[in-house]
Every structure is written in structure tokens, then in C-alpha cells.
Protein chains: 2
Amino acid sequence: MSTAEETAGGEAQAWGEVTPDAARRLLIAAVEAFAERGYHATTTRDIAGRAGMSPAALYIHYKTKEELLHRISRIGHEKALEILRTAARREGTARERLAGAVSSFVRWHAGGRTTARVVQYELDSLGPDARDEILALRRQCDAEVRAIIEDGVAAGEFDVVDVKGTTLAVLSLCIDVARWFNVNGPWTPDEVGALYADLVLRMVGAGGEEARR
Amino acid sequence: MSTAEETAGGEAQAWGEVTPDAARRLLIAAVEAFAERGYHATTTRDIAGRAGMSPAALYIHYKTKEELLHRISRIGHEKALEILRTAARREGTARERLAGAVSSFVRWHAGGRTTARVVQYELDSLGPDARDEILALRRQCDAEVRAIIEDGVAAGEFDVVDVKGTTLAVLSLCIDVARWFNVNGPWTPDEVGALYADLVLRMVGAGGEEARR
DNA sequence: GCCGAAGGTGAGCGGGCGCTTAGTGTGGCA
DNA sequence: TGCCACACTAAGCGCCCGCTCACCTTCGGC
């Protein structure tokens with residue numbers, strides 16, 4: 001179920017597209033620092049230091065500290081949307097597609113917790129324009145999940161009273177994994193993904209037989 | 001179901017115990033500022049300004065800015081624990097107690113979103129000692145919810161494979177309400193509380209008849 | 001072998017931060 | 001009425017922030 005790419009230890013997976021090398025190292029350093037301390041508590045000197053460079057080097061590749069957060073946020077949201085989109089448009093019943101979407105989405109939030117934390121919780125530190133751009137991506141994530149649930153209801157697989165509210169709760173449940181998941185805790189990302197897929201199927205009234213075993 | 005105290009507009013409800021008056025005004029100002037901008041992005045000048053005082057006045061009542069966050073966090077967590085404890089120890093079936101706990105806990109996070117946001121999301125800005133104290137309160141919250149679920153499983157009301165994981169997911173779901181809930185959105189705190197109580201009962205395999213209507 | 005572009009550094013700027021201190025107005029009490 | 005304790009303010013200290021700038025190296029092309 002899980003690919004090496006998704007759960008790669010260094011979490012450096014998704015940043016391959018960022019060039020040149022120095023810009024990528026700065027970006028990864030920023031992700032780590034923002035995740036540990038939060039955007040406002042992180043200094044540009046800290047980011048540059050983690051990347052093994054002088055404070056001034058940051059400004060060769062990025063106009064401001066906020067541009068770093070914006071870039072991280074956009075790449076992260078695009079990755080999240082891609083995960084949901086892939087799962088939503090796979091062949092299969094709504095039940096299978098929802099379980100797949102939730103387990104892979106949760107796996108991403110747990111395994112790439114450092115990145116996911118920044119992506120999901122530092123949104124308010126962006127300026128209005130950047131935030132609007134990111135919010136548009138979020139709405140697309142919402143639409144993908146809602147589409148699966150609507151399909152399931154139409155097919156009689158799911159039993160959901162409030163589709164909009166349930167969609168929101170499902171996404172909320174998955175996203176919050178980034179807040180509490182601990183790499184040294186009792187669960188692997190795969191285990192949390194499986195547990196959550198089961199819980200979400202129950203939420204939509206499709207807990208089914210195998211969940212009751 | 002909901003009391004005036006829980007959903008009072010100004011959210012000033014729980015701070016009655018803080019004296020003298022100037023100290024309370026500063027604390028409420030800090031809650032609002034932290035919720036809007038985050039702890040690190042909030043300045044002591046901003047807090048004092050909102051309370052209608054000079055920057056120096058803050059230090060008559062609080063040793064540091066962090067002490068403000070610590071006080072807010074402790075009072076908020078005590079309130080949250082009280083809500084869960086009251087619901088958990090009420091008379092009734094596990095099903096009824098879980099529904100009551102979730103709906104009142106969610107109502108608190110939605111209605112008192114400003115406070116809940118600070119309480120749930122600014123924990124990492126505390127120093128180690130203060131954080132440890134707050135984490136102990138969190139563990140008590142977890143224990144209350146887990147006790148209800150264990151009761152339900154023992155009584156044959158619930159069907160739960162992983163009690164620990166399900167407890168965590170239920171709390172996570174409720175807490176994350178503070179992140180996304182919007183006072184100007186389509187739902188009232190009561191509505192979200194009712195929706196979430198239903199969803200949580202489904203998660204523990206007690207969705208029951210009335211949910212299927 | 002010289003040149004310019006690209007990518008880096010060390011020093012430091014203007015400013016706002018958390019917090020302190022000296023001084024002020026005020027209300028309660030002998 | 002005189003006095004002091006208390007709550008509060010105006011001013012500002014020392015520090016570190018985001019960011020800039022003058023200068024330095026490296027290296028491919030002619």
C-alpha cells in the first residue's frame with residue numbers, strides 16, 4: 001500500500017523539483033525549522049545556518065522569509081491534492097476509493113509530518129494573496145473527497161445525512177494527524193492509515209463486514 | 001443542550017476567576033491576540049493596547065509574556081477537562097455519555113473558538129515545565145474519553161478494535177474543530193456538536209437506529 | 001589569460017522586540 | 001491633613017530581527 005517515496009525517512013522526497021541545489025537545501029532547512037518552532041519563531045539566521053550557509057545567502061534565492069513559506073505551502077498542497085486525486089479517480093467502488101484516499105492521505109500526514117505540519121498549520125502566516133492561492137488548492141482537496149462520498153451515497157453504498165459536514169470532518173480528522181503523530185510513538189504511518197480508513201468507512205455508514213470481524 | 005455560559009458571545013465566560021480586573025482584561029486581550037496572530041507574532045504592546053493600557057502595565061500583573069500563555073492554557077484545559085468529566089460521569093449508557101461528551105466538547109471548541117485555538121495550538125510555545133503541566137491535563141482528558149469507550153465495549157454497546165487509537169481519533173476530531181470553525185460559517189456550535197456526536201457513535205460501532213433514519 | 005556572470009560572505013542598517021526603571025496620580029487611613 | 005502603598009505611565013535599554021550592500025571567489029567561453 002505504501003510506497004517508498006511516501007514514507008522516505010528524510011522527507012526530502014517532494015523537493016526534487018526545486019533547483020538549484022542551494023535553494024533546495026534552504027527550503028528543506030526552512031521546513032524543518034518551521035515545523036519545530038513555527039514560522040514566526042524561526043529566524044532567517046537559523047534557516048541559513050541549518051543549510052550551512054551565511055544569513056545573506058538566503059536572499060540570493062528567495063526575496064523574503066515569507067516567500068519560503070509560500071513555496072513550501074504550495075508544493076505541499078499540490079502533493080496533498082495529487083494524493084487525493086489519484087485515490088479518488090482510481091477504478092473501484094466508492095467504499096474502496098474512500099478507504100484508499102483516507103489511508104494514503106493519512107500516511108502522508110504521518111510519515112511526512114514535518115512537511116505536513118508546516119503546510120496545514122502555518123497558513124495564517126502567509127499574506128492575503130498567497131493565502132488565497134493556497135485556499136483554492138484546499139477547496140479542490142475538499143471537492144475530491146466530497147465527490148467520493150457523493151458517489152457512495154448515490155450508489156447506495158454510504159448512508160450520510162450531511163455530506164458537506166461529513167466531508168469536512170473526514171478531512172479534519174486526517175489533517176489533525178500532523179499535529180499529534182509522533183515518529184517515536186506506538187504506531188507506524190501505515191497502521192494509522194489503516195485504522196483511520198476503517199473509522200472513516202464507519203462514519204459514512206459503510207463500516208461493512210470486515211470491520212466487524 | 002447548550003447553556004448560555006458555554007456559548008456566550010464575548011467568550012469572557014471562564015475568566016471570572018481572574019482578579020484583579022486589570023489582570024483579567026489583559027488576559028482576555030492576550031487570548032484574542034494569540035488566537036488571531038499566534039503567540040510569537042503577538043507583541044506585548046499589542047496585548048496592553050487591546051486592554052487599554054500602557055505596555056509596562058502588563059508587567060505589574062504578569063512576570064513575562066509566557067506567563068500569560070501559561071495561565072490561559074491552564075484555565076482552558078481545566079475547563080475542557082471539566083466538560084469531559086461532567087459528561088463522562090453522568091448517569092446513563094455509554095452511548096449516551098459518549099454522545100454527550102462529544103457534543104459538549106465540540107460545542108466548547110466551536111463556540112469558544114478563540115480560547116480553544118490558543119489552548120490547543122499554542123502549546124509548543126510554552127517552556128518545558130509549563131508544557132509538562134499542561135500535558136498532564138491532556139492525559140486526563142484522554143483518560144475520561146477512553147473510560148467511556150471501554151465501558152461501552154465492556155457493556156457490548158460498542159464495537160471497537162483499537163480502543164487507544166479510537167480514543168485518540170475522537171479527541172483529535174473534536175479538537176480540530178477549533179482550527180476550522182468559523183462563526184460566520186453555515187453551522188452553529190450546536191449543529192456541529194450534534195453532527196459530531198453522530199459521527200463518533202458510528203466510529204465506535206454504535207451508530208444505531210436513529211442515525212439511519 | 002582575461003572577463004563577466006553567478007553564487008557566496010562579513011559587516012552592519014534601521015527598527016521593533018521583551019522588559020525595566022524612575023516618576024506620577026490616587027484612594028484609604030490615622 | 002499628611003502619608004504611604006499601590007497601580008499605572010513615559011521613556012528608553014539592550015538585543016536580535018529581517019534584510020542589504022560592498023566585496024570576494026569560482027568557472028565556462030573566447
Side-chain angles (χ1 to χ4, degrees), chain A residues 15-73 118 122-131, chain B residues 15-73 118 122-131:
Chain A
W15 312 115
E17 65 185 77
V18 181
T19 53
D21 181 70
R24 180 171 51 249
R25 269 160 47 220
L26 283 164
L27 199 106
I28 292 170
V31 170
E32 288 171 3
F34 291 163
E36 267 177 40
R37 306 220 233 289
Y39 176 78
H40 286 292
T42 298
T43 70
T44 53
R45 284 164 176 82
D46 183 24
I47 297 169
R50 282 172 192 252
M53 304 168 92
S54 75
L58 198 152
Y59 294 91
I60 295 165
H61 301 283
Y62 301 96
K63 274 216 301 285
T64 62
K65 177 178 146 186
E66 195 196 319
E67 194 193 325
L68 266 166
L69 179 61
H70 185 190
R71 284 266 240 277
I72 292 166
S73 218
V118 178
E122 298 291 343
L123 188 68
D124 289 342
S125 303
L126 287 171
D129 292 353
R131 184 164 54 236
Chain B
W15 312 115
E17 64 185 78
V18 181
T19 54
D21 183 68
R24 180 170 53 248
R25 269 161 45 220
L26 283 164
L27 200 106
I28 293 170
V31 169
E32 287 171 5
F34 292 161
E36 267 178 38
R37 305 219 234 289
Y39 175 77
H40 286 292
T42 298
T43 70
T44 53
R45 283 163 178 83
D46 182 24
I47 296 170
R50 282 172 193 252
M53 303 168 93
S54 76
L58 197 151
Y59 295 91
I60 294 164
H61 301 282
Y62 302 95
K63 275 215 303 284
T64 62
K65 177 178 147 186
E66 195 196 318
E67 192 193 327
L68 267 166
L69 179 59
H70 185 190
R71 285 264 240 276
I72 291 167
S73 217
V118 178
E122 298 292 343
L123 188 68
D124 290 341
S125 303
L126 287 171
D129 292 353
R131 184 164 54 234

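The sequence lines fix the lettering, A, B, ..., with proteins before strands; numbering per chain opens at 1.
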> The criterion is side chain to side chain contact (heavy atoms under 4.5 Å, CB included); which residues satisfy it with A:D129, sequence neighbours excluded?
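With neighbours one apart ignored, the set is empty.
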
> What string of B, S and - do you get for nucleotides 13-28 of chain C, 5' to 3', if B is base contact, S is sugar-phosphate-only contact and - is no contact with any protein heavy atom under 4.0 Å?
----BBBBB-------

> Any ring-ring contact (aromatic ring centres under 6.0 Å, His included) involving residues 44-65 of chain A? Give me the pairs, sequence neighbours left out, ordered by first then second residue.
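Every candidate ring-ring contact (aromatic ring centres under 6.0 Å, His included) pair involving residues 44-65 of chain A fails, so no pair, neighbours aside, qualifies.
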
> Could you list the residues that satisfy side chain to side chain donor-acceptor pair (under 3.5 Å) with A:E66, not counting sequence neighbours?
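Checked A:E66 against side chain to side chain donor-acceptor pair (under 3.5 Å); zero matches.
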
> Is a side-chain donor or acceptor of A:K65 paired with a backbone partner of A:L58 at a separation under 3.5 angstrom?
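No, because the side chain of A:K65 does not come within donor-acceptor range (under 3.5 Å) of the backbone of A:L58.
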
> I need the full list of ring-ring contact (aromatic ring centres under 6.0 Å, His included) pairs touching residues 30-56 of chain B, with sequence neighbours left out, sorted by first then second residue.
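Checked against ring-ring contact (aromatic ring centres under 6.0 Å, His included) - neighbours excluded - the pairs reaching residues 30-56 of chain B are B:F34-B:Y39.
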
> Between A:E67 (CD) and D:dC19 (P), how many Å, whole number?
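About 10 Å, once rounded to whole Å.
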
> What are the two closest heavy atoms between B:A29 and B:I47, and how far apart are they?
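So the two residues come closest at CB-O, 3.5 Å.
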
> Identify all pairs in which a protein N or O lies below 3.5 Å from an N or O of nucleotides 6-8 of chain D, and state each distance.
| unit_1 | atom_1 | unit_2 | atom_2 | d |
| --- | --- | --- | --- | --- |
| D:dC8 | OP2 | B:H61 | NE2 | 2.8 |

> The test is side-chain contact (heavy atoms from CB on, under 4.5 Å); show your working for B:S125 and B:L69 and say whether it passes.
CA-CA 8 Å; B:S125 303; B:L69 179 59; 3.7 Å; yes

> Under 4.0 Å, heavy atom to any atom of DNA chain C: which of residues 122-131 of chain B qualify?
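When residues 122-131 of chain B is checked for heavy atoms under 4.0 Å from DNA chain C, there are no hits whatsoever.
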
> So B:V31 and B:L68, side-chain contact (heavy atoms from CB on, under 4.5 Å) or not? Walk me through it.
CA-CA 9 Å; B:V31 169; B:L68 267 166; over 6 Å; no

> Quick one: list whatever passes salt bridge (charged side-chain N to carboxylate O under 4.0 Å, His left out) with A:R50, sequence neighbours left out.
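Partners of A:R50 by the salt bridge (charged side-chain N to carboxylate O under 4.0 Å, His left out) criterion, ordered by chain and then number, come out as A:E32, A:E36, A:D46.
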
> Could I get the full list of side chain to side chain donor-acceptor pair (under 3.5 Å) partners for A:R45, not counting sequence neighbours?
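Testing A:R45 for side chain to side chain donor-acceptor pair (under 3.5 Å), a comparison that skips the adjacent residues, returns none.
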
